[in-house]
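Notes follow the structure.
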Number of protein chains: 2
Amino acid sequence: MSEAPRPGRAADVTNPKPPMRESLVAAAFQLFVERGYEETTVDDIVALAGVGRRSFFRYFPSKEDVVFPDHEGCLAEMTAFLRDSGPTHEPVGRVCDAARLVLRMYAENPAFSVQRYRLTRKVPGLRTYELSVVWRYERALAEYLRGRFAGLRDGTLRADVIAAAVVAAHNNGLRSWLRSGGRSDARAEVDHALTHVQQAFGPDHAPGADPTREPAREPGSDASRAEDRNTGRDADRHADRDDDVVVVVSRRGAPLWRVVQEIETALGRDSD
Amino acid sequence: MSEAPRPGRAADVTNPKPPMRESLVAAAFQLFVERGYEETTVDDIVALAGVGRRSFFRYFPSKEDVVFPDHEGCLAEMTAFLRDSGPTHEPVGRVCDAARLVLRMYAENPAFSVQRYRLTRKVPGLRTYELSVVWRYERALAEYLRGRFAGLRDGTLRADVIAAAVVAAHNNGLRSWLRSGGRSDARAEVDHALTHVQQAFGPDHAPGADPTREPAREPGSDASRAEDRNTGRDADRHADRDDDVVVVVSRRGAPLWRVVQEIETALGRDSD
DNA sequence: CCGAACAGGGAACTGAGTGCCATGGGGCAT
DNA sequence: ATGCCCCATGGCACTCAGTTCCCTGTTCGG
């Protein structure tokens, strides 16, 4: 009863649920799979949905947007997830968890996701549009990492490269799942792929270290399951790290603040 | 004369030089910088170029294509470069060299590249189009790596991740150069960025061991290192790559040889 | 000299996306 | 209850990208 199903209330991103959107998406996908994306005009969609043409463009800025109706909200969710991250979170693991949010969105509607995947495979215009969507995710990850790596040597470079690698790994696992028709284990595939990246770029970053070595840690970490952003799970990394040995190799005359910074990022902790 | 200046001869990518293309590109860019991309219609362009509207779409499949007139040829060049690679080439280094082909294309016309960069920054439609172009480069690299990694554990995953990382690093350096207005040392910036990736993914991790490449950094590229905002001026930072700080985190209980190996790789030496 | 081939031009059409205004219903104040 | 206002929707007309069809001139080959 505390929940008022008022549709006009829509100020929040997660809230607005006028059936208009839903019926437009449904009508659009029905026609897209029936006769193809490019062979379907917006007029066809609104005719089937029984609404005016002008209303379509009130709910979707373009015809392509109707194919990705949930990404805007997911991007907002990811941005919030990263914004609410504390300085104690290990950066690379954090962006991996952020990527898992996207996977979760796909996994919520397997049938829909697979249908959409087949569409985007075929239609170049949709593929391009998907690229722009993925790019925004990647930029969100990179911006977060840039903040975490600020002041570090090659900080923005590292941020950009890691963000790209995480997105590529995530997409590799995701597409493998989509190709299987949604029958394989999406979580496992993506976790495996992300672990791969974490081994190459993680805090115990050993350049050239072969990812074929043992996984240091169980992959299925936090956020995939996490409805909660605020559980104090910050400390379990700390416990996990306690039995590590830290070797610091420092150049003679290197400023001390730099040494401290490197150690901090390596451990994923913060000095304050 | 073996050279026939016939314009209709155009079967080769490097050959076709009908002035039509050139004048269209010139007219388009003049208007784009004058009054903006979206404020310029195709009719404006063809009017300035003094040709018929239909001819525009004979030379460019879309309005966006006129902004990237050279990428099609560059992609073909890259594809050929990778196709002609032998099994003796180190894969990661090879895709880095392939990426350098793109840089070279940009560097051939600095003024043009910078102008275009400023355009694509502003116009979302062009940014999206550029993403699709970059995506094709990335796919070319990934396909090559997939071939080289075929049969390996997680071969396609590694291929995709490395391709994404190489592209991200290349773009990081490239954009840094573009942001400088084409005044910094593009080669040095991109080399530095790519070296970064090679250190993370190179098989034997031998950064300086590749005899085909010059030393990655020369002292003249100080401007390119402007990102170092804290400017550790006390330390001459061009001292080869084990300057600053390297941190190695190892698990307690790990065999000592592994710790030593990690330190060695962190320092950029070979373990054997 | 004739015709095939082809580069270019032009008119008309489709379809996406936008601006403007009318309508209609539901809440709110008087 | 009445009148007012907000806002969601619908309808119309317009711009512009991209395409289809067809016309025109030139050039080359017979």
Side-chain angles (χ1 to χ4, degrees), chain A residues 4-12 15-25 27-28 31-32 34-69 72 119 123-129 132, chain B residues 1 4-11 15-29 31-32 35-69 119 123-129 132:
Chain A
R6 189 78 50 75
R9 211 55 168 66
D12 193 359
N15 195 11
K17 286 280 188 176
M20 181 75 108
R21 255 185 94 89
E22 269 58 323
S23 45
L24 281 172
V25 171
L31 293 173
F32 290 165
E34 259 180 38
R35 69 177 89 155
Y37 176 81
E38 283 160 329
E39 289 73 24
T40 302
T41 73
V42 175
D43 298 80
D44 296 335
I45 300 172
V46 297
L48 180 59
V51 300
R53 167 188 165 77
R54 195 64 185 82
S55 296
F56 181 93
F57 291 103
R58 279 208 190 84
Y59 283 87
F60 303 98
S62 80
K63 185 185 169 190
E64 284 121 341
D65 281 285
V66 81
V67 183
F68 305 90
E72 208 62 39
L119 265 182
V123 184
L126 290 180
R127 214 178 37 195
T128 298
Y129 186 88
S132 77
Chain B
M1 289 319 223
R6 188 81 47 76
R9 209 53 168 61
N15 194 13
K17 285 278 190 176
M20 182 73 108
R21 254 186 94 89
E22 270 52 298
S23 45
L24 280 173
V25 171
F29 264 80
L31 292 173
F32 290 164
R35 71 176 87 156
Y37 176 80
E38 283 160 329
E39 291 73 25
T40 303
T41 73
V42 175
D43 299 79
D44 296 336
I45 299 172
V46 297
L48 181 59
V51 301
R53 168 186 165 79
R54 192 61 188 83
S55 296
F56 181 93
F57 292 103
R58 277 208 194 84
Y59 284 87
F60 303 97
S62 80
K63 185 186 170 190
E64 285 121 341
D65 281 286
V66 81
V67 183
F68 305 91
L119 266 182
V123 185
L126 289 180
R127 214 179 37 195
T128 299
Y129 187 87
S132 76

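Per chain, numbering begins at 1; letters A, B, ... match sequence-line order. Atom set for the values below is all heavy atoms of this structure, side chains included, hydrogens, waters and symmetry mates excluded.
Interface residues of residues 41-52 of chain A facing DNA chain D, ordered by number: A:V51, A:G52; criterion, heavy-atom separation under 4.0 Å.
Look at B:Y59 and you'll find a side-chain N or O under 4.0 angstrom from OP1 or OP2 of C:dG8. At least one side-chain nitrogen or oxygen of B:S55 sits closer than 4.0 Å to the OP1 or OP2 atom of C:dG9.
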Working note: A:V42 + A:F57, criterion side-chain contact (heavy atoms from CB on, under 4.5 Å); need CA distance, chi angles, decisive distance, verdict.
CA-CA 9 Å; A:V42 175; A:F57 291 103; 3.9 Å; yes
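Nucleotide D:dC16 holds its C1' atom 12 Å from the OH atom of B:Y37, rounded to whole Å. Rounded to whole angstrom, the span from the CD atom of B:E39 across to the P atom of D:dA17 amounts to 11 Å. If you measure from atom OH of B:Y129 to atom P of D:dG18, you get 10 Å, rounded to the nearest angstrom. Rounded to whole Å, the distance from CD on A:E38 to C1' on C:dA16 is 13 Å. The distance between atom CG of B:L126 and atom P of D:dA17, rounded to the nearest whole Å, is 12 Å. Straight-line distance from the CZ atom of A:F57 to the C1' atom of D:dT15: 14 Å, rounded to whole Å. When rounded to the nearest whole Å, the span between CZ of B:F56 and P of C:dA7 equals 19 Å. Taking atom CE of residue B:M20 and atom C1' of nucleotide D:dT26, one finds them 14 Å apart after rounding to whole Å.
Contact of the B:I45 side chain with the B:F56 side chain is registered, since non-hydrogen atoms from C-beta on lie closer than 4.5 Å.
A:V46 approaches A:G52 most closely through the heavy-atom pair CG1-O, 3.8 Å. Summarising the geometry of B:S23 relative to B:A49, their closest heavy-atom pair is O-CB, 4.2 Å, with the distance given to 0.1 Å.
In this structure, B:Y37 OH and B:E64 CD are separated by 4.0 Å, a value rounded to the nearest 0.5 Å.
Nearest to the side-chain atoms of B:R53 among the listed nucleotides C:dG17, D:dT9, D:dA17 stands D:dA17. When the nucleotides C:dG9, D:dG10, D:dA17 are ranked by their closest atom to the side chain of A:R58, D:dG10 comes out on top.
Every residue meeting the side chain to side chain contact (heavy atoms under 4.5 Å, CB included) condition with A:V25, not counting sequence neighbours, appears here in chain and number order: A:F29, A:F60, A:V66, A:P69, A:F112. Among residues two or more places apart in sequence or in another chain, the side chain to side chain contact (heavy atoms under 4.5 Å, CB included) test is passed with A:D44 by A:L31, A:R35, A:T40, A:T41.
Counting atom types as modelled, B:R54 pairs no side-chain N or O with a base atom of D:dG18 as donor and acceptor under 3.5 Å.
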